[in-house]
Every structure is written in structure tokens, then in C-alpha cells.
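A, B, ... follow the sequence lines: proteins, then strands. Residue 1 opens every chain. Keep in mind that what you see is a predicted model, and the values were worked out from it rather than measured.
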Amino acid sequence: MKVPSTLRFWTKMKRISEDYQSRLPDNTALKQQQLPAYRLQLSATGVLSGFFAAGAFCLGMGIILILSAKSIKEIEVKYTKICANCAELREDATNFDKECTCSIPFYLSETMKGNVYMYYKLYGFYQNLYQYILSRSNSQLLGTDLKDVGNCAPFSNSHDGTPIAPCGAIANSIFNDTIILSYNLNSSIPIEVPMLKSKITWWTDKYVKFQNPSSINLSSAFAGTTKPPYWSKPVYELDEEDPGNNGFLNDDFIVWMRTAAFPTFKKLYRRLNRIQYFIEGLPAGNYSFNITYNFPVTRFKGEKSVVLSTLTWSGGSSLFLGLAYTVTGAVTWLAAFSMMAIHLMLKKKKMLFIQD
Amino acid sequence: MTAVKDATDDYFRHKSDNQVNNRLSEVLINSKLQNEKWMNVKVGDIVKLENNQFVAADLLLLSSSEPHSLCYIETAELDGETNLKVRHALSVTSELGADINRLAKFDGIVVCEAPNNKLDKFMGVLSWKDSKHSLNNENIILRGCILRNTSWCFGMVIFAGPDTKLIQNSGKTKLKRTSIDRLLNTLVLWIFGFLVCLGIILAIGNSIWENQVGDQFRTFLFWKEGRKNPVFSGFLTFWSYIIILNTVVPISLYVSMEVIRLGHSYFINWDRRMYYSGKSTPAEARTTTLNEELGQIEYIFSDKTGTLTQNIMTFKKCSINGKIYGEVHDDMGQKTHMTKKNEPVDFSVNPQADRTFQFFDHRLMESIKLGDSKVYEFLRLLALCHTVMSEENSAGQLIYQVQSPDEGALVTAARNFGFIFKSRTPETITVEELGTLVTYQLLAFLDFNNIRKRMSVIVRNPEGQIKLYCKGADTILFEKLHPSNEDLLNLTTDHLSEFAGEGLRTLAIAYRDLDDKYFKEWHKMLEDANALMDERDERIAGLYEEIERDLMLLGATAVEDKLQEGVIETITNLSLAHIKIWVLTGDKQETAINIGYACNMLTDDMKDVFIISGNTAVEVREELRKAKENLFGQNRSSSNGHVVFEKQQLELDSVVEETITGDYALIINGHSLAHALESDVKNDLIELACMCKTVVCCRVTPLQKAQVVELVKNYRHAVTLAIGDGANDVSMIKSAHIGVGISGQEGLQAVLASDYSFAQFRYLQRLLLVHGRWSYFRMCKFLRYFFYKNFAFTLVHFWFGFFCGFSAQTVYDQWFIALFNIVYTSLPVLAMGIFDQDVSDQSSMDYPQLYEPGQLNLLFNKHKFFICMAHGIYTSLVLFFIPYGAFYNVAGEDGQLIADYQSFAVTMATSLVIVVSVQIALDTSYWTVINHVFIWGSIATYFSVLFTMHSNGIFGIFPSQFPFVGNARHSLTQKCIWLVILLTTVASVMPVVVFRFLKVDLFPTLSDQIRQRQKSQKKARPLRSQRPQTRRSSSRRSGYAFAHQEGYGELITSGRNMRAKNPPPASGLEKTPYNSTSWIENLCKKTTDTVSSFSQDKTVKL
């Protein structure tokens, strides 16, 4: 009886001692919170030199940006009011089949050198409304399933139930003015300025996001669908001149479908084709925009304009970024100087204090 | 997530509870003793207990191994008192003895009071064998006691489980939440309000917009189905925005907080500096929800026994005939401090010496060798005048059974110096004096009580001389000295003050030679007095007074109530951290005061020590009022009550001034406290107590401890911490914000109820000053960043609302919204919340003042919250309006559209991720590898996820889920987008840096200063601040404290507690002055008196 009990005692002791050993926490840097570390501390020299450097950078960048923004040549022609009669005509939706054109002459005082881009610009058009942005079907636009009208309601199916292609509010509200720029070389004969409609879309949009349904010809591919109610032509007849620019792959359509972030936006419409007279860009002279006015902006108190612009190294940047950089740089320097003053003053005080 | 963590917490708690519940005790089942788990012990069971066992339930004592069925219990778990207490069985049941068959047949019926929490009262009646016997507290052994000096006893369970008095005293368990939690709940409500406000603003905006613009716009779009009533549209918009902006309400915050707290708890568990190798106990964070509150403690309530003290008494010093022994002198005769180097006195020549006893002054041994008669007399007295019982164990070693540890220390000291107390009978005491056995005849035993504060024995030595040996409080004894002692008296007084100044418990020692005739007369009078029916006690007391005079002073003893290691430093450090420490003990007033002095909580520098010990409500009120008058009066009159602390380390530039409104201390007795806690005096009490530097409550019941804690909690709204080791601290531990249990001891009750546990009081310093402070610091930093981040992230939707017709369009991609808080930004802030350190742990310990921001709640409060909010709003403005401005009339580098909604979303998201990452990088003050990995990793993750989700491949598979195809590639290759991101980052971070820089420069906090100092002195590690050794100037004060209880004298003289194997000689019987009932009666009466002076005692007729 005694032997087993002592035995048990010893095994118990052993277990306890093992237990005790395992209870001592490990001496690792992590567990003892002694991980080697860099103690970040804002030192006066570090902060001040950082501020001066940042200020200098911002000021420099600001000046560069302002200068380059100034170098951009831009002409904007608002044509809502100029073409008031057309606007009035479009107020009434029943006049949709009546054509209305409008010609706006203007004078370019300076040559626009380099690549010139033509944009249309809309004011007060809310392409960023929640329901508006949703109202499209990416899978339909991919061409795989035309009947997939997803979130397009109420522009998903026509009254008889055939799916609309392209469906949705975005597609339905496409910008459908035609703008032609003509150059009056001599006072009498206007020349149509050659414009390109290629490469005005993102590469991924053109080649990944938008695909036509595969078929021998487009009209048969889109068979079984109907055009959006606002459109005058079906999607496969958007560009009568270039058959490759039709269907979902129409460049103007793709540009429109990339919805703008804010209610005022400009979208690329055409690029200048730099041939003949226009190798250098747009020469100074008399021009006119010949506009086929279809898009009724007055109904929502919007405005539209056409913009001709050149670019710089950073794209078509506006003055804002340059100004913002300049202001930030100036404020940073101001802060740096005042911090330095305060710091030095305190240091002096401290020295005096210690000398006392 | 929180629930899961709480569940695991509870599981582990449950496990350790099980450990207690599954303890075994021997229960009599079916006439056999069987082991049964504690949790299965039922009322009516008969339980056998053995020596040094914990009592499992409240028992009625039936019989025990000792004569007269006495049994000794230690109640340190219950009330913190260190002396042994006697319980005895009824004479009718004691006959049962250890006869299991008879015990099994025991069929008495106990009718008693309902379960209650009064530890010192019990009333009941036992009906057995057609007779009724009344029961009182003396027959009951309570759960939580430990059986001592009794080899076995049997008891019947009266109360079990939750009905036991111990558990009744432990109070209710409340769910503890930290003050930050409560603040957060308020803030979350505010944020909800803010959210609703935003929603309403946007909804109104939407109604107006719909009315003015939207209507026409829809008409234009032919979107007639989409047309709505503007008000209805606004209503829908409101709910849409509530959903969109709900990220401003920090839901993931709670989860992250729990993760951080868990991390901090693990750090506590892993801390080797809180690991006590002596008992192999690491510190343990038993709850993981309270860590940051550890950094906000203002009041600590500490138990005494087992927490501050080790409950070990050691004989430290003595003064014999004007000569002090026990100090270590170097060669020059100068006093030096005790160090480990000193050789202890070698007691190996004495075979009976106790090995554990150590004494460092060799001169005492030399004096003994020289044959100094006074030294002999001194040691003889120690060996004779006591109530210790001796016993020889199987190995022939002498074992002392002591009822108070003080006496044990004294008798053991005498034993080691050659005056070995061997054995006693009711009439004799046998002492081995330097090798020769001497038997003294014990003529009278003048017992100890709280009024007399002394005890004496009158013995006749073999030479026939009659001597009275007396030991007791110096204040009392010095009045009884013979006038010839004056010189010695002065000398001894100096020594006593010195001892008292060191916090030692002192006793003065004196003797008197009596002549035969005088003694006989006196003895006769004593016997007469004993025979008296009334006024007996008064008469006896008078007789005692008479014979205890003209004493010859021998000297004084100094016993150390050994403090736990590092208690003094810990208390000093914690008070430097402005933490107030209150001692709540069940022990006597003298003992408590003594410990107060020993731990430097009470000092002689104190202006006044108020002692409240009134017995009635009126007295207590009067005392409190007087104390208050005294306090305020003196405070007004004296301007030098302000004490300026100057730290060496912080030199001229940063003198830390600390004004203390005078140094006062309050000592309050348990029975006064009962009155003081009544509603109308409460305010006075709390006001007074909070003005005092030190508060000591003595003789308090466990429930009163909790009441005191509650009082401070409710009236001061301060964060409290209670620390204790025994079951009597459970209620206090539960009611304080933080409960700390001292683990590694036998009793587990306190640890089980606690939130944190460790083995030594001194670890409290590290727990609070390092872990608590860091936890609070990290948590606050985390919260500030988290709120900032959420505001910055969410409010851009609000600004965007004004430009998108309030149509509830989000700024970001849905995927980004889903992943932002969880994937892109959670880990860096978690790493900061877990690992950040502003100053090192060493500095935290060296500069306890660093603890202050936590107490004042400076790092995260409503004010700070508004600053975070403003910071977040500013960032969101910068984040939104700089891209907005830049995107106006912009075109890409190839003339294409870049101001589209998707590009805007990508630009904003990228800016946001970069801005918040830069912000966390600035906030992180302790960059470990983990922080690097998490911060850089988060940014890398963002870009890789972004490019993956915008890739052609994933669009090909899910065209409608990932419509942002090609966006990252297109936008992030535009220079102007990067310029926008850069500007946004600079603009949102720069003001923060300016503010921080100026704050550190103009209003540096202590931690800033320390960090700067450390940076400048990087090579030379700063010296540990040397605090001046606080050694009090000794002044006249009695260090008297004696954990003794009256009643033992009678036990000894009656011989009732002697073993049967030591039968008292026949002559002893006739000398026994009392009959057997009367001494028990007296014992009962007197012990209850001392246990509780306000308990109404009922004399029991047996």
C-alpha cells in the first residue's frame, strides 16, 4: 500500500516540477516587449528641414503647373444660347425627327500648336446619380448575352418586351449632337477640319469592357433587341461612315458610357488629324462650328459647349492644381519659419534658465 | 468576436473554479469515510477534517482529537487575523470521538438562523437524544478556515456552497467594464446622433434638389418611372445615407479593442519580471477586458495579512539592560545596514535550535557565553512567559504550537540562544537552560487582554525564589516600573523608539522578585476573588494590577512582521504616482498601525493621525467632525503644509512640484466604520478620508471592505483597485473596478474572484506603472486614430452628396468600402495598439509621475474625441476637395477623359490609404519589425488588391461585380493623378506635424521630456533615479503590537489543552481554581469579546 502511494507522490512531484518549469514565461523579445525598435520622435531639425524641403518642392511644382496650365490654348464656345432656336425646338420631345443645325463662327487669334482635341462639355448634367450610374448592364455591353438587361430598368425592355440594346439610362441619354469644325482658309471657302474619332477611348474600354456580339454582321447580331427609346438609330448604325465603329464599339458611345464624376464635365469628342494645313496644329484664323443640335439641355436648365484645347506634359490640367501646390508650399514655408522662430526662442529661454 | 473571447475567459475561470470545487474532503457515507468532491458536500453530511486542511463548508464541530474536543483554526482567509482561534464541540457530541459507527448514527437536528454574512455570530439549537443544546459561534467552523494543531476533527455540515458565511460575504459578481468602455458607449451614441444629423441634412438637400433640378432632369431622361415626390425621395435618401455613412460608427472598433486587450493580457502573462520563481507563479490576467483601466487607478485598497505582510514574524532585535542587540556593527563600531554578506550567528552548537531562525549580531551570543545574568533573565522570561504548547514530532524535533506568531518568534529566539522551552503541565514549565533541564513551578498565569496589554507568569524556580515575569506594551509597562529603573528606562525608551521607527513590533520585558509571604496573601485574595459570583472580573483585574508593580525592567524585544519583498518601494513608488493606498484589514488596530509605519504609509512627519474608534453613531460623528475641523483649521493656518518633492533626475528645467495638502492619516475601526457608513456621516467620512494621505481601516469585515470600496467608487468617481489574498478580500476584489489576487498561496478564493493575479505585492508596481500605463496609452492612441480614420474615410460621402444630387452615391468602389477597415488599415493600427511604447518600461518605473495622465483621463476623453473628429473632418475635406478642384476641366495626358467617376473613386481611395498610412506612421512611436511589415504590407496589399480587381481577367469572369476594369492601370499612370495624391497627403499631414511639433516644444509632457532626454543621452544610459532612502527620524511612539488573544492562560492553567499522555500531576487538580464549565464559559465569552467588541454575546449553558 505504501509503495504505490510514494510512487504516486514522486510522479506527482515530477509532474509539478515540469509544470513549474513550463510556467516560466519564455524570454523572447516579443513576449518581454523588448523587440528592437526605432523610436520615432519629431526632432526639431528633422521636422524643420522636412518642412523647408516640402515647401520648396510644393512651390516649385506649383509654379511649373501654373506655367504649363497657362501654356495651354483653349477655346470654349457655349452654344445653348447661341442656338436658341434649336434649343427651343428640342424642348418639345415630339419634334425629335426635325433636324436643326446651327453654325457658330469664331476667330482663333493664335495658332494652337501640337495636338488639338475637341471636347463637348455639359453643365448641370448629373452623370453621377446613384440610380443613373447603376442603370447599365456590363454583361450586355460585353456582347455575350444581349438579353441580360441587369439593372437597366426602366430602360430594360420596350413595351412589347424585347430587350433594349444597349439598355439603361446612361445609354439612352447619349450625347447626340454632331459637331463639325470648319476652317475658313479664305473668306469664301470653308474647309472641314479633318478630325479623328479613333483613340478617344480608354484602351481597356475599347478592347475589354465593350465587345460586340459575334456574328457575321452587326444588324443580325443585334436581332431580337430594340434601340433605346431616345435614340433615332439602332446601335449598329451609329456610324454610317465607318462600319467598324458601330455597335457597342462605337467610340462616342464608349466615351459617353464612362460616366463623369461631377455634373460639369467635358468629354473627348474628336482629335485633330494633323494633315494638310493642320500639321502644326490649328492655325489662327476664322473657324466655325457646324452643329447638328439634338441634345436638349434646356429641359434640365443645363448648358453645353464645345471646347478646343491643347495639352501639356501633365495632360489638360487646369490652374487649380498649380495654385493649390503654390498655396500649400507657401503655407508650409510660413509654418516652417514660425516653428523655427518659436523653437529658437524657447531654446534661448531654456539656455538662460539653465544659466541662472 | 467579443462574445467568443468572453466565453473563453469564462471557460478558464470555470476551470480554476473547478479546481476548487473538485478538492476532496472525507465525508462519512454509509458508515464509511469516502473522498468526496467539495461541490458534492451537502448539508447534513458528516465530514472529517485533518490538520492543515481547508474547511469545505460551515460545520458544526462534533468531536476532535484534542482533549475536550477543542480544535484550533486559523481564520486568516476569513478576517486576516493571524492568531489561532479555539473552537470546541458540545460535550454531548464530543463523546462520539472518532467512532465512525456512532458518528454515522448521529441523528441530531440543528435548528439555526438563516444563512447570513455575519462571521462572528451564530445561533442555533441542536436537538439530540431528547434534549436541546444551544449552539453558538464557538461550536462552528466556517468555510475558509484552516485546521491547525488538531490532527482530526469531525463536523456536521450546516451550510454548504453558496449558503456558507464566506460566500455570503463575497458579494455579487458584477460585469466589469472599463471607463473607456463607458465613454465609448456615450461616444457611439453621439456618433449615431451625428450620423442622423448628416442623414437629415442630406435628405433635406435631396428634397430640395429633387424639387429644383432632379425633376426636370428626370423628365429629360424620359425617366418617368423614376419620378418621386421630393419628400418621399428625401426620406429614402435619408436611409440610404444612414447605410452609406454607417462606417462612421466604429463597429470594427470593438473587435479591434478586444484584440488589443487580449494582446496586453498576454504581455502580462508573459512578463518574466512578474514571475515569482519562489512559487513558480507567473502573473496572470484573468480577464482580458480591463487592461487599460490599470493605467487609471487612483485608489488602491490593500489587504494586510498575506498581501503586505508575509504572515511571518521574526525576532529581529532586542534591548537587554540598556544594550541593543541585533544591529550589525562593522569594525569601526558604526551601524551598518543588514546585507546578505553578514554571517548569521551559528546555532549549530545547539542541537535543538530552529534552523530557519537567523540572527546577525554575534555579541548576544558572546554575552551569553560571558554569563551576563540580565541576558539570562531576559531569555528565561521569553522561555517562560508565553502560551506556547510544545510537542515532539516523530523525529524527536521540538515543535511549537503557537497561538500568535509573535510569541512563536520570541520563544524560538530564546530556544536558539539556549533557553529551550521543553514542555509544560498546568503547574510546571520545563526549560532547558544552556543544557540543563530546569523545571519551574507555575504559580499563576496573569492572562493577556486588550485592556491590560500585557501578560505575566508567576513562577517558583528550583531555588525556591518566586518571580513574576511580565511582557507587554511599553506604554503600560513603563508605568509599573520600580523608580530605580529610571536610567535604564530612558535608555530602553530610546531603543524602543528606534525599533518602532523601523516598523518593528515591540514588547517591553520586566520581572519582579516576590517574597513568599506576599505572594501567598495575594494568591489567597485571588482565589477568593475567583469564588465571587459578581464583580469577579473587576476584582481579579485589580489584583493583577496590584502584583504587577515595582517591576524591574529587563529590556525590550523587537519582532518584525515580515513584509513581503519590496513592499516599501512599491508603496513609495505608487504614492509618487499619486495613487492613494488604503489598507483594509481585519486585524487589530495596533497591528494595522504598526504595519502602516513599517511600510512608510504612516510616518512621524505626519501632522496628525486621526483615530476614529467610537462605538456609537454619535461618537463617530463627533470624532469625524473634530478631525475635520482640525484638518481644515491647521491647513489654513500653516502654509508650509505644502511639500515640494524634488526629483534628482529631473533637474532645473523640470522640477516636479507636488503639493500635498498636509500629511494626515486616518485610522478607523471596524465598528466605527459601521456607523460612519451610514448615509448622513458618509460624506464627512469620504471628505476626510480623501484629504488624508493614508487611510487604514482595521477590524473590518469582508463586507465592510466592499462597502468602503463602493463608497470611494460612488463618491469620488475614481478608478479603484483592490488587492488581497484571502477569502475575506473577495467582496472587495469583486466590487472594485480592478481586483487583484495574490496567487501562489493555499487559498484560491481571492485569485478566483480577481481580474489579475500574481504572487507578490511588489509586482503591482509593474502591473500598474508599466502594463497599465502602456495599455492605457496604447488604447487611447488606438482610439484616437481609429475615430480619425473613420471620420476621414466616411465624411467624403457627405461632401460628395452636394455634387451628386444627394443621390446616395458613394465616393469609393463598393469593394474598397468593404475592405478598407478590415484589410487595408486594420493591421497597422492594431500593431500600434499592441506594441507601441512612448517610454521604456524602465523609465515608466523610474518616473512614476508618468502615470498621472491616466488618472486624469487626459489621453482620451470627450475633448480629445472632438479633436480627432475635427482632424478627421479636415482630412476628409482635403481628401475630397483637392481632387474635386483638380478634376474640374481636366483631361488625361492623351486627351482622354480622366475626370470620370471611376477614376475619381480610385484617386480618392489611393489618397485615403496613403494619408492614413502616413498618419499611422507618424503616430507609431515604437517602430518594431512588425509595425514595418504591417504598414508597408498594408500599402502593398492595397495596390495589389486594386490592380487585381481592376484586371481584365477578373472582369472577364465577373463582369458585373468588377466594373472598374482597367481603371487602376489608366488612372495611376497619369502624372496629374499622382500629383493630386501627393498634394492631398502633404496638405492633410502637414498641419498635424505642426501641431505636434509646437505642442512638444511649448507644452512638453513628462514623457516628451524623458524621450528627449533619452535621445540626447543615448549613449550614456540614464542612471536609475536614486530615491533618498526614507529613514524616519525616530521619535517617541510605541511600536507595540501583539497578535494575541485572551483566554489561553486559563486553558493552560486548567490543563484542558494538554495531551492525555501528559497527565497533569494529581496535585494539579486541586489547584485548578475553576470547575470545567466555567473556564469554557469564560473562554467563550472572552474570545467573542475580542473577535467583535460590538457583537452581543450570549452565554451558553451547557
Practice prompt. Tell me, for B:Ala905 versus chain A, whether the close heavy atoms (under 4.5 Å) come from the side chain, the backbone, both or neither.
Written response: neither

Discussion item. Please give me the minimum heavy-atom distance between B:Ser233 and B:Asn206, naming the atom from each residue.
Written reply: OG-OD1, 2.5 Å

Worksheet item: Side chain, backbone, both or neither: which part of B:Ser240 has a heavy atom under 4.5 Å from chain A?
Response: neither

Worksheet item: Does NZ or CZ of A:Lys267 lie under 6.0 Å from the centre of the six-membered ring of A:Phe265, at an angle within 45° of the ring axis?
Response: yes

Practice prompt. Below 4.5 Å from any heavy atom of chain B, which atoms of A:Leu35 appear? Answer side chain, backbone, both or neither.
Written response: both

Worksheet item: Is the B:Phe997-A:His343 ring centre distance short of 6.0 angstrom?
Response: yes

Worksheet entry | Proximal component of A:Gln32, with respect to chain B [non-hydrogen, under 4.5 Å] | side chain

Worksheet entry | Part of A:Tyr269 within contact of chain B (heavy atom distance under 4.5 Å) | neither

Discussion item. Measuring from atom CG of A:Leu272 to atom OG1 of A:Thr310, what distance do you get when rounded to the nearest 0.5 angstrom?
Written reply: 11.5 Å

Worksheet entry | Trace of the side-chain hydrogen bond (donor to acceptor under 3.5 Å, both in side chains) decision for A:Asn128 with B:Gln809 | CA-CA 7 Å; A:Asn128 57 8; B:Gln809 176 63 43; over 6 Å; no

Response to the item:
Honestly, the part of B:Phe803 sitting under 4.5 Å from a heavy atom of chain A is both

Discussion item. Quick check on A:Val47 against chain B: is it the side chain, the backbone, both or neither that has a heavy atom closer than 4.5 Å?
Written reply: side chain

Item to complete: Check each atom of A:Trp203 against the heavy atoms of chain B and say whether the ones under 4.5 Å are side chain, backbone, both or neither.
Response: side chain

Worksheet entry | Contact class of B:Gln837 relative to chain A, heavy atoms under 4.5 angstrom | both

Practice prompt. Determine whether more than 12 heavy atoms belonging to other residues, nucleotides or ligands lie under 6.0 Å from atom OH of A:Tyr130.
Written response: no

Fill in: Proximal component of A:Ile133, with respect to chain B [non-hydrogen, under 4.5 Å]
side chain

Item to complete: Answer with side chain, backbone, both or neither: which region of A:Thr28 has an atom nearer than 4.5 Å to a non-hydrogen atom of chain B?
Response: neither

Discussion item. Heavy-atom cut-off 4.5 Å, strictly under: side chain, backbone, both or neither for B:His771 against chain A?
Written reply: side chain

Discussion item. To the nearest 0.5 Å, what is the distance between CG on B:Asp900 and CG on B:Asn967?
Written reply: 6.0 Å

Worksheet item: Given a strict heavy-atom distance threshold of 4.5 Å, which part of A:Leu141 is in contact with chain B: side chain, backbone, both, or neither?
Response: neither

Practice prompt. Measure the acute angle between the ring planes of A:Phe295 and A:Tyr230, then classify it against the limits of 30° and 60° as parallel, tilted or perpendicular.
Written response: perpendicular

Discussion item. What I want to find out is whether B:Asp841 reaches B:Arg766 closely enough, with some N-O distance under 4.0 Å, to be called a salt bridge.
Written reply: yes

Fill in: Pairs of heavy atoms under 4.5 Å with chain B: top-ranked of A:Phe262, A:Phe320, A:Trp202
A:Trp202

Item to complete: Locate the shortest heavy-atom distance separating B:Glu893 from A:Ser314; write the atom from each residue and the value.
Response: CG-C, 4.0 Å

Item to complete: Could you look at A:Phe51 and say if it's the side chain, the backbone, both or neither that has a heavy atom under 4.5 Å from chain B?
Response: side chain

Discussion item. For chain A, which candidate among B:Pro963, B:Ser277, B:Ser960, B:Ala987 shows the most heavy-atom pairs at distances under 4.5 Å?
Written reply: B:Pro963

Worksheet item: Checking heavy atoms, do the side chain of B:Val213, its backbone, both or neither come under 4.5 Å from chain A?
Response: side chain

Practice prompt. Supply the atom-to-atom distance B:Ile930 CD1 to B:Ile935 CD1, rounded to the nearest 0.5 angstrom.
Written response: 12.0 Å

Discussion item. Looking only at heavy atoms and a cut-off of under 4.5 Å, which of B:Thr810, B:Asn931, B:Leu1002, B:Val980 has the most pairs with chain A?
Written reply: B:Leu1002

Practice prompt. Name the region of B:Tyr276, side chain, backbone, both or neither, that has any atom closer than 4.5 Å to a heavy atom of chain A.
Written response: neither

Worksheet item: So which part of A:Glu74 gets closer than 4.5 Å to some heavy atom of chain B, the side chain, the backbone, both or neither?
Response: side chain

Fill in: Part of B:Phe887 within contact of chain A (heavy atom distance under 4.5 Å)
side chain

Item to complete: Classify the ring geometry between A:Tyr119 and A:Tyr117 as parallel (under 30°), tilted (30 to 60°) or perpendicular (over 60°).
Response: tilted

Response to the item:
Whatever's closer than 4.5 Å to a heavy atom in chain A on B:Tyr926 counts as both

Fill in: B:Arg996 bridged to B:Asp923 by N-O distance under 4.0 Å
yes

Worksheet item: Given a strict heavy-atom distance threshold of 4.5 Å, which part of B:Leu998 is in contact with chain A: side chain, backbone, both, or neither?
Response: side chain

Discussion item. If I measure from the heavy atoms of chain B, does A:Pro36 come under 4.5 Å with its side chain, its backbone, both, or neither?
Written reply: backbone

Worksheet entry | Region of B:Val770 in contact with chain A, defined by heavy-atom distances below 4.5 Å | neither

Practice prompt. Could you go through the side-chain hydrogen bond (donor to acceptor under 3.5 Å, both in side chains) check for B:Asp836 and B:Ser925 one step at a time?
Written response: CA-CA 6 Å; B:Asp836 208 38; B:Ser925 46; 3.0 Å; yes

Worksheet entry | Which atom of A:Ala169 lies closest to which atom of A:Tyr132, heavy atoms considered | O-CE1, 3.8 Å

Worksheet item: At a heavy-atom separation under 4.5 Å, does A:Ala335 approach chain B through its side chain, its backbone, both, or neither?
Response: side chain

Item to complete: Check each atom of A:Ala44 against the heavy atoms of chain B and say whether the ones under 4.5 Å are side chain, backbone, both or neither.
Response: both

Worksheet item: So which of B:Val1000, B:Leu983, B:Val890, B:Thr928 has the largest heavy-atom pair count under 4.5 angstrom toward chain A?
Response: B:Leu983

Worksheet item: Looking only at heavy atoms, which two atoms of B:Ile977 and B:Ser971 are closest? And how far apart?
Response: CG1-O, 3.3 Å

Discussion item. So for B:Asn269, is it side chain, backbone, both, or neither that comes closer than 4.5 Å to the heavy atoms of chain A?
Written reply: backbone

Discussion item. Less than 4.5 Å to any heavy atom of chain A: does that hold for the side chain of B:Phe802, its backbone, both, or neither?
Written reply: neither

Worksheet item: Would a line drawn from the ring center of A:Phe125 to the ring center of A:Trp256 be shorter than 6.0 Å?
Response: yes

Worksheet item: Most heavy-atom pairs under 4.5 angstrom with chain B, which of A:Leu142, A:Thr201, A:Asn115?
Response: A:Thr201

Discussion item. If we define contacts as heavy-atom pairs under 4.5 Å, which of B:Ala808, B:Gly885, B:Gly966 has the most with chain A?
Written reply: B:Gly885

